[in-house]
Amino acid sequence: MFQKILIANRGEIALRIQRACRELGIHTVAVYSDVDRNALHVRYADEAYLIGPAPSRESYLRADKILDVARKSGADAIHPGYGFLAEREDFAQACIDEGIKFIGPKPSAIAAMGDKAVARATVQKAGVPVVPGTEGEGGLRDEEIIAIAPQIGFPLLIKATAGGGGKGMRRVDRMEDLSGALASARREAEAAFGDGSVYLEKLVLGARHIEIQLLADEHGNVIHLGERECSIQRRHQKIIEESPSPAIDADLRERMGAVAVKAAQAVDYHNAGTIEFLLDKDKNFYFLEMNTRLQVEHPITEIVTGTDIVKEQIRIARGRVLRWKQRSIRQRGWAIECRLNAEDPFNNFMPSTGTITRIERPTGPGVRIDSSMYEGVEVTPYYDSLIGKLICWGESRAEAIIRMRRALSEYRIIGVRTNIPFHQAMMDSHRFIGGSFDTTFVEERFALEQEARPEDERIAAVIATLVAHRYERQAAQVVRRNERDTSNWKWIARWERMQR
Amino acid sequence: MFQKILIANRGEIALRIQRACRELGIHTVAVYSDVDRNALHVRYADEAYLIGPAPSRESYLRADKILDVARKSGADAIHPGYGFLAEREDFAQACIDEGIKFIGPKPSAIAAMGDKAVARATVQKAGVPVVPGTEGEGGLRDEEIIAIAPQIGFPLLIKATAGGGGKGMRRVDRMEDLSGALASARREAEAAFGDGSVYLEKLVLGARHIEIQLLADEHGNVIHLGERECSIQRRHQKIIEESPSPAIDADLRERMGAVAVKAAQAVDYHNAGTIEFLLDKDKNFYFLEMNTRLQVEHPITEIVTGTDIVKEQIRIARGRVLRWKQRSIRQRGWAIECRLNAEDPFNNFMPSTGTITRIERPTGPGVRIDSSMYEGVEVTPYYDSLIGKLICWGESRAEAIIRMRRALSEYRIIGVRTNIPFHQAMMDSHRFIGGSFDTTFVEERFALEQEARPEDERIAAVIATLVAHRYERQAAQVVRRNERDTSNWKWIARWERMQR
Amino acid sequence: MKYVTTIGERQYTIEINRDDQITIDGVTHPIDLRAIDEATFSLIIDQASHEALVEASNGEIHVLLRGRLYAARVEDERASRLSRSAGGLHAGSGEVTLKSPMPGLIVAVAVTEGQAVTKGQTVVVLESMKMENELKAPRDGTITAIKVSPRQSVEQHQPLVVLT
Amino acid sequence: MKYVTTIGERQYTIEINRDDQITIDGVTHPIDLRAIDEATFSLIIDQASHEALVEASNGEIHVLLRGRLYAARVEDERASRLSRSAGGLHAGSGEVTLKSPMPGLIVAVAVTEGQAVTKGQTVVVLESMKMENELKAPRDGTITAIKVSPRQSVEQHQPLVVLT
């Protein structure tokens, strides 16, 4: 039984884990960087410890400081969330050495899946289909790679063995481009991961990204919670996920689930994890990689299967036996998640920083929000741009989509730009509604246009004019000329309310 | 196909119906009273019409004005919500006469169920068990009632035939009290409903309040969506509801459901409706009354059955055939609703009016909120004190309870008193957790005590002192003496942020 | 700066030494208080994290913490000494006017002039927000005046009865 | 009071006659505008209900309406006439400095001094929030100065390149 869990993370996922702990009656310990003193994960925690300056490498990536806090606070377990230290075998090992339970898999499983080339080889041995590519455990020299490439065939992908987030990844269409692409991919991988090793994979055209959520206890039981489709991506970043997938039927789900379980068993996997697959047009599927941690998009699976993956992670880490058999897991209805990012969809998705001055969140039936934003929060450039996850459930995919439309219409954020207009356009897109898309859809076929809405524009002009008029009139009455700046805007509404 | 629906209501239920319309792509027309101009249901609507002063009888109860708005706006249907005009057969008839679809049952069904004595007689004829009591259709004189009473036995209840909300209801334990109680019950019923008719029912001791949610299309198909338990009541007002009920098993559910369907069929019922039953200790159940409208507590049924009752009401009113057979309805997990009222649980649940200056709402897994409150809203004495519904789902009843605890801990409202502490105490109560309670539980066995929390009190003292200290210090620096009033409190935090 | 803060029956002596340190009843604690918005304050004290909504109301400071509302009176030490030496005055003597806590309709007046009442006894029944509410005597005393009658509408803060 | 309000390419002439009535491009409409809070405004116009978040930003008024952000310039009629007669000045001539929209790391500088660029052409690649972002030329022109180099950290608003 855990009394106290340290959450080695920030943002919405730290809050998500704290909620699970609070429901279970477990005390939480937060760690935070200088700029996060007012963050929700600090305010929601039972205890909070400052661990360093804003840059992650000086705070959230400092395993030594985090372990020090764990010791000081007397935490019996650490939940790493996703990102930061979540997939660092050395951190998981350091926890074990300290006698603190790491809520996740064994270090050896993290290591085996962390090197993408090793992972390919390992699961292939266990009978899991992989995309044709270089065999073995990576570390090939350029000459070897160039020699193998023609057997794999073009187009192909160069991938970093330490890969993640598309770094060190290159598409190569012709033999003559290979050598140059290898050099630049290695440079990028070296810069990003400190490791320039790469391997080759055949590029699967028209592929969808399908992943299987797994739960594995420490007694050899492994089940899957069905699939998620994450093909709506941009620059290898997932933007919209759904469960189930419109491309999967019961038979394929069972086969992919069984293979995913086999892949996990190949590394003696414990706790929650995800096997990512590519699914081609002929419904062949290939192992892509395993994420040995909680995923951003776990809520859609929770909703359709009626589970709480984070509470389950904690139960598993306590040594409990899985409460379900595979046959008791059933998907019900459909869930979609839109990742809300602070970025400008009309300006090449440029990240947007600033202070969120007002948030209006959707509520009502079928809506879930996981977010750590609040009014007055500053979105800084130090961490990723995810400002919230909006998840909608519907009886059918169609209902999930109309509900997402409704929820997006209620979600209002001012102070930073958000990609809400992108999501709105996607929910109106015929191809998305029809379920016929692949991972290239956003970048190659989906154009977000600032299409004219003349009536709305006219109303916006009216509101702008009326508000400006009031401001002028009231400012003339009350405020001295030199105090008229934008900060007075807030004050006006308040003044007006006082006058009523 | 409806293009435009007028919602003849206000508050959270108007918003709930508007959300359903927005999801279905139907335009909405709001009506509002003077004090509701800034209400969410006005701001969420596509069109909004002022219909009169604050008191309901001059606005939300003015059928003539509402029909006038329906004509002017070109609405093809009216959704009455609950309360106000929802169970007024004359209003339903007036809609029909205007060629506007009333989203609810036929006037004759409203009438048959509206007179509680008639309803008893009608369903009894159809083979539905009723509590022993006076036979026939009410309108009995005192002498007749006094003559029948001994056959029914004491304790018994006097009830108003036009009843609702406990008005005109009296418990009578002895023959000698009957005559006086009759007189006062008739007076109260006359004052409340303009109709002093009463009837008698045997008082069922230790009874639980169980109700069955029905859906009936206009083609003769009737199904039920399982039960809700609403035994946590105070002064005949429901406070906490849950679905399923800890007192019901599959067999009893099937039997009660079948009887409820029979009761509805007895009046050729269409649309959504609810049959309320008393369930005694021996699991005998008795028809209590039918609510011929949407219920406040409908969300818990939506969540466990995966339906959207309001969208279903609209589909039924469009003439669609029910999309489900009885056998396709399944309950999954457990849902609990806490009604948040503006009232002081430590001061005899005295209603609390005022301006809500800050609301913090729970989000995250398994939480739904239906509320029409916002920061700056004024809670007036004109309408009921319901300020929100907090609904939590869990895989099991235990999980629903721990999640409700977590959600209640996140829900923070300042500006009016709320009954959140009552709900927190209930979620910690052994009897509630054990599921062993009846409708008298809150009033007879549940004591909400302001039990000491010395550590929290100490922290509250520290925060109060620190905030007061800052205020004093800053006020001394910046504000002239005569401007120091409570409205400066807001300003201080802002000032402080500006100084950072 | 030294304060005496009272919540209910209990008094806390809190000394604010520096922005990041206080002394409570003689024991020193490191603190970090942040204003999140106009009403929300986050306190970290001895590494424990607390968050409260704070509002000033009638000279008291209301602190909503973990679902419970605490009404605190904060006085600096000197003022506190003064008020204690003048104490006993406002404890149960003098005239008290029971006012309507909200607009509504008087349903019943349960007392008559000259009647002795005990603390907590129902004095007036007021209908508001579709509910009947029993207004109770704030302390023992005698009813010296009744200002309303049944079926009368009243405004918020309107005097209802006077108690001596 | 008569205003000329510009959103994108379009201009609206809006006359505010009374608190409850305006004239848009010559047509009169009944209106009811309410401030819900500092940023939220509710408008009922011809019975149609609209709600927007409004914020002032760099002399423009930003209106977030149905998920879309509109940047409006509101001028009274006289000021508008003046600015139009002075018009054409700020259309594509003079020196433009491309500044960093946020703190970050320069990944690449895609141009050289003296190079001609067209509007929309990538000039600098900036890494921030774990993403690479392409900063583009705001209009056609010639690069006259480059102020940063790859792997250099930059602050928000730091000048990157100058375009003439």
Side-chain angles (χ1 to χ4, degrees), chain A residues 165 235 237 341-343 346-354 357-358 360 379-385 408-409 411-415 417 420-421 423-424 450 452-454 456-473 485-486 488-494 496-497, chain D residues 1 3 5-8 10-12 14 16 22 24-25 29 31 33-41 43 45 48 50-76 101-104 126 128-136 156:
Chain A
R235 300 167 75 177
Q237 303 284 326
N341 295 327
E343 60 190 20
F346 298 115
N347 182 18
N348 199 31
F349 293 88
M350 183 73 66
S352 176
T353 57
T357 49
R358 187 107 186 79
E360 203 75 61
V379 179
T380 69
Y382 298 110
Y383 312 111
D384 69 26
S385 62
L408 286 166
S409 79
Y411 218 132
R412 293 187 300 198
I413 296 174
I414 205 157
R417 302 297 174 105
I420 288 175
H423 289 299
Q424 290 182 314
Q450 180 85 281
R453 293 189 199 159
D456 278 1
E457 187 184 282
R458 206 172 70 107
I459 294 299
V462 169
I463 291 173
T465 309
L466 286 168
V467 172
H469 175 71
R470 285 195 185 194
Y471 173 48
E472 278 301 325
R473 207 172 46 177
D485 64 1
T486 53
N488 277 322
W489 280 95
K490 291 200 158 190
W491 168 87
I492 288 153
R494 203 170 316 116
E496 187 178 31
R497 283 203 306 274
Chain D
M1 190 76 175
Y3 294 91
T5 297
T6 312
I7 295 182
R10 248 184 87 62
Q11 286 198 331
Y12 301 84
I14 295 170
I16 302 179
I22 60 171
I24 311 172
D25 297 336
H29 304 265
I31 58 140
L33 180 81
R34 304 289 177 109
I36 306 296
D37 58 38
E38 288 80 358
T40 311
F41 288 84
L43 172 71
I45 176 167
H50 303 278
E51 181 157 285
L53 293 186
V54 179
E55 200 174 46
S57 174
N58 296 324
E60 289 183 323
I61 293 180
H62 287 184
V63 179
L64 182 69
L65 179 69
R66 274 180 260 287
R68 186 66 58 80
L69 192 71
Y70 299 89
R73 216 171 59 243
V74 181
E75 296 171 300
D76 69 33
M102 71 205 86
L126 175 76
S128 185
M129 294 171 113
K130 300 167 67 183
M131 296 279 286
E132 291 187 2
N133 306 287
E134 301 185 345
L135 306 181
K136 294 166 190 293
Q156 192 172 17

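Convention: sequence-line order gives letters A, B, ...; per-chain numbering from 1.
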Notebook entry, point to check: Is it the backbone or the side chain of A:Phe349 that comes under 4.5 Å from a heavy atom of chain D, or both, or neither?
Noted result: backbone
Notebook entry, point to check: For D:Ile31, is it the side chain, the backbone, both or neither that has a heavy atom under 4.5 Å from a heavy atom of chain A?
Noted result: side chain
Next item on the list: Locate the shortest heavy-atom distance separating D:Val63 from A:Ala460; write the atom from each residue and the value.
Entry: CG2-O, 3.8 Å
Notebook entry, point to check: Looking at D:His29, D:Met1, D:His62, D:Glu51, which has the largest count of heavy-atom pairs under 4.5 Å with chain A?
Noted result: D:Glu51
Notebook entry, point to check: At a heavy-atom separation under 4.5 Å, does A:Gln424 approach chain D through its side chain, its backbone, both, or neither?
Noted result: side chain
Check: Is there a side-chain contact between A:Val467 and D:Phe41, using heavy atoms and a 4.5 Å cut-off?
Finding: yes
Notebook entry, point to check: What part of D:Leu43 lies closer than 4.5 angstrom to a heavy atom of chain A: side chain, backbone, both or neither?
Noted result: side chain
Check: Who among D:Glu134, D:Arg68, D:Lys136 has the most heavy-atom pairs with chain A under 4.5 Å?
Finding: D:Arg68
Notebook entry, point to check: When only pairs under 4.5 Å are counted, which of D:Gly67, D:Ala52, D:Ala72 shares the most heavy-atom pairs with chain A?
Noted result: D:Gly67
Check: Which heavy atom in A:Ala468 sits nearest to a heavy atom in D:Ile61, and how many Å separate them?
Finding: CB-CD1, 3.5 Å
Note to self: Report which part of A:Asn348 has an atom under 4.5 Å of a heavy atom belonging to chain D: side chain, backbone, both, or neither.
What the structure shows: side chain
Check: Of the backbone (N, CA, C, O) and the side chain (C-beta and beyond), which part of A:Thr465 lies under 4.5 Å from a heavy atom of chain D, both, or neither?
Finding: both
Margin query: With heavy-atom distances below 4.5 Å as the criterion, would you say the side chains of D:Arg66 and A:Arg453 are in contact?
Written below: yes
Next item on the list: Give the member of D:Leu126, D:Thr40, D:Ile45 that has the highest number of heavy-atom pairs under 4.5 Å with chain A.
Entry: D:Thr40
Note to self: Between A:Ile413 and chain D, with a heavy-atom cut-off of 4.5 Å, which part of the residue counts as in contact: side chain, backbone, both or neither?
What the structure shows: backbone
Item checked: Top of A:Ile463, A:Ile459, A:Asn347, A:Val462 for chain D proximity - count of heavy-atom pairs under 4.5 angstrom -> A:Ile459
Notebook entry, point to check: If you round to the nearest 0.5 Å, how far is CZ of A:Arg412 from CG of D:Leu69?
Noted result: 13.0 Å
Next item on the list: Kindly determine whether D:Asp76 and A:Glu472 satisfy side-chain contact (heavy atoms from CB on, under 4.5 Å), including the steps that lead there.
Entry: CA-CA 11 Å; D:Asp76 69 33; A:Glu472 278 301 325; over 6 Å; no
Check: Hey, are D:Asp25 and A:Arg458 close enough for a salt bridge, meaning a charged N less than 4.0 Å from a carboxylate O?
Finding: no
Check: What heavy-atom pair brings A:Ala461 and D:Tyr12 nearest, and what distance separates the two atoms?
Finding: CB-CD1, 3.5 Å
Checklist line | Part of D:Leu53 within contact of chain A (heavy atom distance under 4.5 Å) | finding: both
Note to self: As an exercise: rank A:Ile420, A:Thr353, A:Asn341 by heavy-atom pairs under 4.5 Å with chain D and give me the winner.
What the structure shows: A:Thr353
